[in-house]
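When reading the values below, keep in mind they use all heavy atoms of this one structure, side chains included, and skip hydrogens, waters and symmetry mates.
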Amino acid sequence: MNIEQRTHFIKEKAKELGFLHCGISKAGFLEEDAPRLEKWLKSGFHGEMGYMENYFDKRLDPTILVPGAKSVISLSYNYYTDKSLSEDGYKISKYARGKDYHFLIKDKLKEFFESIQENIGEVDGRVFVDSAPVLDRAWARKSGIGWVGKNANILSKKVGSFFFLAELILDLELLEDAPTTDHCGKCTACIDACPTQAIEAPRIVNGSKCISYLTIELKSEIPTFFKDKMDDWIFGCDVCQDVCPWNRFSKPHKEEFFEPHSALGEYTKKEWQELTQELFSEIFRKSAVKRTKYAGLMRNIKFVENSKKD
């Protein structure tokens, strides 16, 4: 295959595997992202996520992470759902309501990689899905999947922002895609709606103030500063995406793997407050919610409830 045929094969295979987008960039140093990442880290916006300080060079240059890399294939996978949880329950981010996306997408990436090797020839590289020092959004922007919105998420005019990002980094030359243009305009809906004012400026999110960070990454007690600001969120937060005008174009996923456990649509707040370790393990088996563990989820529920009493 020549470079055009290889690129066409990869784009078609991505569609066949159910990915929303497939964009391609030349592997190399992300020069314009380096100062932004450095400033973000120096500002302490990563909070207790110390791992963000590791592998600085690898985050910015995939040729260090994957020696011999020539192309970065960026992919997106839809997880949007229009189904609501129990009206008398708590809020859990849409991406975490079904089984952990890492399992599904990693399997698809492995199949993708094997298909490339079978049809194109001897190709070396690695697959990534939010599990290594790769700047997913920087590569998604560079490859034309979307632009960086004011909430720092990747936005697409066609499907909004409710999608996962993943990459294949290969030692294979392919045709590059061009970045798309910014379509946020003067809109500040996400900034205005953020319950904790975590979006401190357009495209600059103070992670240590984000509800997703507080309910998932933070291992210590949630600071009292956030009382009355959690809005019943006990795992993650979708506010800045829910208010984004571009998400009116989001379409519900058709992935059975992402269908939630029945408890999420039925449990009341009282039932969640009385949740046992055994029930937690059953409801969230193979779920991303396991990241916060039983103790973390109960801490989040207790904080939300105590905020209402004070």
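For the atom pair T180 OG1 and K158 NZ, the distance stands at 10.0 Å (nearest 0.5 Å). If you take CZ on F235 and CG on L214, they are separated by 12.5 Å, rounding to the nearest 0.5 Å. Note that CD1 of I73 and CG of L109 are 10.0 Å apart. Values are rounded to the nearest 0.5 Å. The CD atom of E282 lies 10.0 Å from the CG atom of L275; values are rounded to the nearest 0.5 Å. With rounding to the nearest 0.5 angstrom, the CG atom of N119 is 12.0 Å from the CD atom of Q5. In this structure, I116 CD1 and I10 CD1 are separated by 4.0 Å, a value rounded to the nearest 0.5 Å.
Side-chain contact, Q277 with S281: a donor N or O sits under 3.5 Å from an acceptor N or O. S161 and Q241 share a donor-acceptor pair across their side chains, judged by distance under 3.5 Å alone.
Between K70 and T63, every side-chain heavy-atom pair lies at or beyond the 4.5 Å cut-off. The shortest side-chain heavy-atom distance between L218 and P223 falls under the 4.5 Å cut-off. Inter-residue side-chain proximity for T268 and E271 is flagged as met; some heavy-atom pair is nearer than 4.5 Å. Using a 4.5 Å heavy-atom threshold, the side chains of K42 and E38 count as touching. Using a 4.5 Å cut-off on side-chain heavy atoms (C-beta onward), I211 and P195 make contact. Side-chain contact check for K13 versus E111: some heavy-atom pair is nearer than 4.5 Å. Contact annotation: the side chain of T292 never approaches that of I234 to less than 4.5 Å [non-hydrogen atoms, C-beta and beyond]. Residues L20 and L75 form no side-chain contact, since every pair of their non-hydrogen atoms from C-beta on lies 4.5 Å or further apart.
The shortest heavy-atom contact between S208 and N206 is OG-OD1, 2.6 Å. Across all their heavy atoms, N151 and V205 have their closest contact at O-CG2, 3.5 Å. Closest approach of V123 to Q117, counting heavy atoms only: O-NE2, 3.0 Å. Taking all atoms of both residues into account, the shortest heavy-atom contact from F303 to K227 is CZ-N, 3.7 Å. When every heavy atom of S71 is checked against every heavy atom of I24, the shortest pair comes out as CB-CG2, 4.5 Å. Across K219 and R291, no two heavy atoms sit closer than the pair NZ-O, 3.8 Å.
When atom types are taken as modelled, the side chain of K270 and the backbone of Y267 share no donor-acceptor pair closer than 3.5 angstrom. Between the D231 side chain and the W233 main chain, no donor and acceptor come within less than 3.5 Å of each other. For the pair N247 (side chain) and S250 (backbone), a donor-acceptor distance under 3.5 Å is absent. T276 places a side-chain N or O within donor-acceptor distance of the main-chain N or O of L279, the cut-off being under 3.5 Å. Under a 3.5 Å cut-off, the side chain of Y55 and the backbone N or O of L60 do not form any donor-acceptor pair. The main-chain N or O of M49 is never found under 3.5 Å from a side-chain atom of E217 such that the two would form a donor-acceptor pair. Checked by atom type and distance alone, the side chain of K150 pairs as donor or acceptor with a backbone atom of C187 at under 3.5 Å. S143 contributes a side-chain N or O that, together with a main-chain N or O of A140, makes up a donor-acceptor pair within less than 3.5 Å. Under the 3.5 Å distance criterion, the side-chain polar atoms of K91 are left unmatched by any main-chain donor or acceptor of C237.
Using a 4.0 Å cut-off between charged nitrogen and carboxylate oxygen, D33 and R141 count as a salt-bridge pair. Electrostatic pairing of K26 and D177 does not count as a salt bridge here, judged by no charged N lying under 4.0 Å from a carboxylate O.
Note on F113: it clusters hydrophobically with W139, by side-chain heavy-atom contacts below 4.5 Å among ILVMFWY residues. At a threshold of 4.5 Å between side-chain heavy atoms, the hydrophobic network of Ile, Leu, Val, Met, Phe, Trp and Tyr places V72 and L135 in one connected group. Hydrophobic cluster membership differs between I3 and I120, with clusters built from Ile, Leu, Val, Met, Phe, Trp and Tyr side chains linked at under 4.5 angstrom. Side-chain heavy atoms closer than 4.5 Å link hydrophobic residues (I, L, V, M, F, W, Y) into clusters, and following such links, possibly through other members, connects F225 to F45. F128 and I145 fall into different hydrophobic clusters, where Ile, Leu, Val, Met, Phe, Trp and Tyr side chains are chained together by heavy-atom contacts under 4.5 Å.
Among residues at least two apart or in separate chains, side chain to side chain donor-acceptor pair (under 3.5 Å) pairs with a member in residues 92-109 are S93-D238, K94-D242, D100-H102, Y101-D130. Listed by first then second residue, pairs satisfying salt bridge (Lys or Arg N to Asp or Glu O under 4.0 Å) with a partner in residues 184-203 read D182-R203, E200-K209, not counting sequence neighbours. Listed by first then second residue, pairs satisfying side chain to side chain donor-acceptor pair (under 3.5 Å) with a partner in residues 293-304 number zero, not counting sequence neighbours.
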N/O donor-acceptor pairs under 3.5 Å from side chains in residues 162-176, not counting sequence neighbours:
unit_1, atom_1, unit_2, atom_2, d
D171, OD1, D124, N, 2.7

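Residue-environment remark: NZ (K39) stays at or below the threshold of 12 foreign heavy atoms within 6.0 Å. Environment of CZ in F56: crowded, with over 12 heavy atoms of neighbouring residues, nucleotides or ligands closer than 6.0 Å. Counting heavy atoms of neighbouring residues, nucleotides and ligands inside a 6.0 Å radius, atom CZ of R36 exceeds 12 of them. Annotation: E278, atom CD; neighbour count of heavy atoms from other residues, nucleotides and ligands within 6.0 Å does not exceed 12. The environment of H183 atom NE2 is dense: over 12 non-hydrogen atoms of other residues, nucleotides or ligands sit within 6.0 angstrom.
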List the steps and the verdict of side chain to side chain contact (heavy atoms under 4.5 Å, CB included) for F112 and V127. CA-CA 9 Å; F112 201 165; V127 302; over 6 Å; no
For a side chain to side chain contact (heavy atoms under 4.5 Å, CB included) check, start with the C-alpha distance between I301 and M298, then their side-chain angles and the critical distance, and finish with the verdict. CA-CA 5 Å; I301 291 172; M298 299 313 290; 4.1 Å; yes
Trace of the side chain to side chain contact (heavy atoms under 4.5 Å, CB included) decision for R59 with L37: CA-CA 9 Å; R59 290 184 191 280; L37 177 59; 4.2 Å; yes
Run L30 and D61 through side chain to side chain contact (heavy atoms under 4.5 Å, CB included) and show every step you take. CA-CA 6 Å; L30 290 166; D61 191 346; over 6 Å; no
Determine whether D88 and S86 satisfy the following criterion, side-chain hydrogen bond (donor to acceptor under 3.5 Å, both in side chains), listing intermediate values before the conclusion. CA-CA 5 Å; D88 189 35; S86 169; 5.8 Å; no
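Listed by chain and residue number, D232 satisfy the side-chain hydrogen bond (donor to acceptor under 3.5 Å, both in side chains) test with K269 (two or more places apart in sequence, or in another chain).
The aromatic ring centres of Y77 and F19 sit less than 6.0 Å apart. For H253 and Y79, the distance between ring centers is not under 6.0 angstrom.
Applying the 4.5 Å side-chain rule to ILVMFWY residues, one finds W147, W246, F249 in the same cluster as L155.
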